[in-house]
Amino acid sequence: MSEDDDAYVRAFRFRRFEGKRNGRLYRVMSIAWFNFRHAIAKSWFTKLILILIVMGLLMQALIMFISAQFYTIYYPESDINVLFRKYYAESILNMFSLINFILIEPSFYFFGLATMITGGGFSYILLISLVSGGLIADDKLHHFDEAYFSHVTRWEYLFGKLLSLMLFSFLLVMGPALMQFFILSSSLKIDFVQHLGLLAWALGFTFIATLILSLLALTISSLTTRRTIATLIFFMMLIMLSLFPAIFSSSLFQETPIFLIDLMLVIDMFGLILLGESQFKVSFRDFNLIDGVGIEYIDVMLVIYIVILFTIIVLYLQVIRRRQ
Amino acid sequence: MTKGFSVHYGKIRAVDNIDIRAPRRSIGLLGPNGAGKTTLLRALLGFLKPKSGTATVLGYDIYKELNEIWDHVGYSPEFAPKIPDISAQKYVSYIGQLAGLSSIDASQRAYDSLYYVGLGEERYRMLGEFSQGMMQKAKLAAALVHDPDLIILDEPTDGLDPEGRAQMLELIENLYKDEGKSIIVSTHLLFDVQRVCDWALIIGNGRLIASGNLNQLLSDTSDVIRIRVAGNLDTLLNRLRARGLDFQVDDENNVDISRVDNIEMMILDIINSEPSLSIRYLGKRERTLQDVFISLVEGESDLE
């Protein structure tokens with residue numbers, strides 16, 4: 001630093017601030033942006049996972065592009081627009097699949113597999129676990145919460161933290177969803193304008209799905225002061241909940257209610273309901289949400305409702321409510 | 001200003017029905033550990049929900065105008081926010097952004113503040129590498145970054161060595177006297193308050209014990225004259241006894257004499273008639289804040 005740089009400090013001591021203060025939204029955005037950048041900058045492992053995810057997304061885009069070139073060989077009888085709709089929806093849904101993956105139309109299995117081998121859901125959950133674990137836990141451990149609460153409300157704090165996770169989700173899920181839409185539509189040489197509704201579904205669904213997962217991740221972080229514990233609980237919980245139904249399901253080919261404990265699958269089923277689909281396959285098992293047998297759409301909605309309610313109640317008690 | 005202000009932790013009355021009226025000056029919030037100082041500050045800043053009562057900070061209502069309070073108050077909490085992998089510059093700058101400063105303003109003012117507290121050269125070091133003294137200064141810089149009118153410092157000299165403590169007290173004094181900031185120093189260290197404050201609020205067991213101008217609190221209202229002499233003290237004491245005066249001698253050889261008519265003239269007469277004695281002080285007994293404390297807060301042993 002040259003002497004000129006700090007001359008005014010020495011000459012005038014402390015300067016009065018005469019600028020304009022930004023509003024409340026700016027402060028929320030500051031929290032989100034700071035935590036987003038800090039989460040990436042602080043861990044080499046997080047950076048590595050990010051790089052792997054981006055590489056996976058590029059690979060997925062490449063597979064998509066190449067497989068689309070040969071669709072007439074594999075599916076000579078198919079309607080190109082139906083093919084696009086199913087393939088794209090499968091691809092979006094399987095961004096959230098861990099063990100149990102979704103196939104809307106069995107004959108499009110090859111395309112679905114192309115999406116799954118990139119392990120999108122697994123990497124996304126791993127990354128969210130890593131970056132969310134310390135979001136609230138670290139603040140409590142390091143006594144940083146008082147620094148926050150002497151400038152922003154608890155709601156602003158929570159929204160800022162949530163937004164930082166949503167930024168990751170935008171980067172890793174919503175962004176790729178947008179990208180895939182245009183890659184696939186241009187590869188299959190179809191008019192994407194006809195399918196803007198599908199794009200709206202994809203963006204809406206990925207937004208809701210990542211919001212639910214971000215809320216759950218924040219909830220777990222708020223329950224402890226140890227980031228490692230929060231990270232492990234969130235990650236292992238989702239993996240186990242996905243693994244158990246696959247192992248302990250009484251039928252290899254039929255839907256059983258035990259699949260309702262797989263939160264990621266339930267989120268996918270919620271996406272299918274939003275899309276208006278009720279019949280699909282989950283890892284070779286036939287699912288029908290409106291046949292009055294096994295899992296019904298109302299069960300899916302109930303699980304989603306319970307999870308959201310649980311996160312809101314816990315976050316309210318842990319973060320929002322001031323101690324009296 | 002508070003009126004009937006109470007903060008409870010369950011059944012524990014951490015702050016119990018306190019009425020405070022404090023001017024915009026350098027205020028020492030004094031009390032032993034567990035007296036309710038930090039709880040009071042946290043409630044005034046909105047971290048804790050009061051059980052009852054009303055309060056304003058800088059004229060802003062704590063129930064309705066917390067955002068205004070946060071924008072005009074800088075708070076240095078008792079516990080250091082020890083985020084190990086963030087630089088002091090980034091930390092202070094981030095606090096500035098939380099206070100609504102643009103990223104450019106926040107960065108510039110973070111530099112100013114860190115320089116002001118003496119961490120200009122250390123600003124890119126990670127907080128995890130900071131000593132306790134440096135961390136106290138970094139907290140002060142963070143409290144200053146948005147140019148608040150009132151700075152609240154919770155135990156600002158806690159854990160500092162004598163040199164660090166002197167530096168911190170000088171900084172606080174400068175903020176009050178040179179920069180015109182109002183200050184609240186919450187501490188159980190009496191010396192700190194006596195050094196940098198001119199108004200004191202004394203709290204014990206969640207209740208306000210005394211408040212007022214420090215000079216008034218320290219002045220002795222009892223009818224006692226203090227004399228300090230150079231020379232043979234026993235000679236003086238014998239002469240006082242001979243005149244039938246009631247007196248006490250403390251550890252520093254100060255002689256406190258109960259006032260009678262013309263006491264000052266009698267003492268001067270004694271001194272003048274004894275060549276081995278010369279007067280060093282004659283006047284009202286000076287009390288330290290510790291004397292005030294001892295008289296007000298019985299059995300609170302952690303006051304230093």
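Here is how names work: the chains are called A, B, and so on, in the same order as the sequence lines, proteins then strands, and each is numbered from 1.
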Assess whether atom [atom1] of [X] is packed by more than 12 heavy atoms of other residues, nucleotides or ligands within 6.0 Å.
X        : atom1 : value
A:Met29  : CE    : no
B:Lys3   : NZ    : no
A:Met55  : CE    : no
B:Ile104 : CD1   : no
A:Arg226 : CZ    : no
B:Lys181 : NZ    : yes
B:Arg207 : CZ    : no

Going from [atom1] on [X] to [atom2] on [Y], what distance comes out if it is rounded to the nearest 0.5 angstrom?
X        : Y        : atom1 : atom2 : answer
A:Ser150 : B:Leu66  : OG    : CG    : 11.0 Å
B:Ile95  : A:Tyr148 : CD1   : OH    : 7.5 Å
A:Phe17  : B:His146 : CZ    : NE2   : 10.5 Å
B:Asp85  : A:Asp138 : CG    : CG    : 8.0 Å
A:His143 : B:Lys139 : NE2   : NZ    : 10.0 Å

Next item on the list: Specify the closest pair of heavy atoms between A:Phe149 and B:Phe47, including all atoms of both residues, with the distance to one decimal.
Entry: O-CE2, 2.9 Å
Next item on the list: Please step through salt bridge (Lys or Arg N to Asp or Glu O under 4.0 Å) for the pair A:Lys20 and B:Asp71, ending with a clear verdict.
Entry: CA-CA 12 Å; A:Lys20 190 172 174 291; B:Asp71 282 353; over 6 Å; no
Next item on the list: For the residue pair B:Asn67 and A:Val152, establish whether any side-chain heavy-atom pair is separated by less than 4.5 Å.
Entry: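 The answer is no; the side chains never approach within 4.5 Å.
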With a 4.5 angstrom heavy-atom cut-off, is it the side chain or the backbone of [X] that approaches chain A, or both, or neither?
X        : value
B:Leu144 : both
B:Asp154 : neither
B:Ser76  : neither

Notebook entry, point to check: Given the rule in the salt bridge (Lys or Arg N to Asp or Glu O under 4.0 Å) test, do B:Asp147 and A:Arg21 qualify, once you have shown the distances and angles that lead to the verdict?
Noted result: CA-CA 11 Å; B:Asp147 189 24; A:Arg21 285 177 204 274; over 6 Å; no
Check: For A:Phe144 and B:Tyr91, what are the C-alpha separation, side-chain angles and deciding distance, and is it a side chain to side chain contact (heavy atoms under 4.5 Å, CB included)?
Finding: CA-CA 10 Å; A:Phe144 204 23; B:Tyr91 163 61; 3.3 Å; yes
Notebook entry, point to check: How would you list, by chain and number, every residue that makes a ring-ring contact (aromatic ring centres under 6.0 Å, His included) with A:Tyr26, sequence neighbours excluded?
Noted result: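 Residues passing ring-ring contact (aromatic ring centres under 6.0 Å, His included) with A:Tyr26: none at all.
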Notebook entry, point to check: Who are the ring-ring contact (aromatic ring centres under 6.0 Å, His included) partners of A:Phe34, not counting sequence neighbours?
Noted result: A:His38, B:Tyr94
Note to self: Before you tell me yes or no, could you show the steps for A:Glu146 and B:Arg42 under salt bridge (Lys or Arg N to Asp or Glu O under 4.0 Å), namely the whole-Å CA-CA distance, both residues' side-chain angles and the distance that decides it to 0.1 Å?
What the structure shows: CA-CA 9 Å; A:Glu146 284 199 355; B:Arg42 285 179 176 168; 2.6 Å; yes
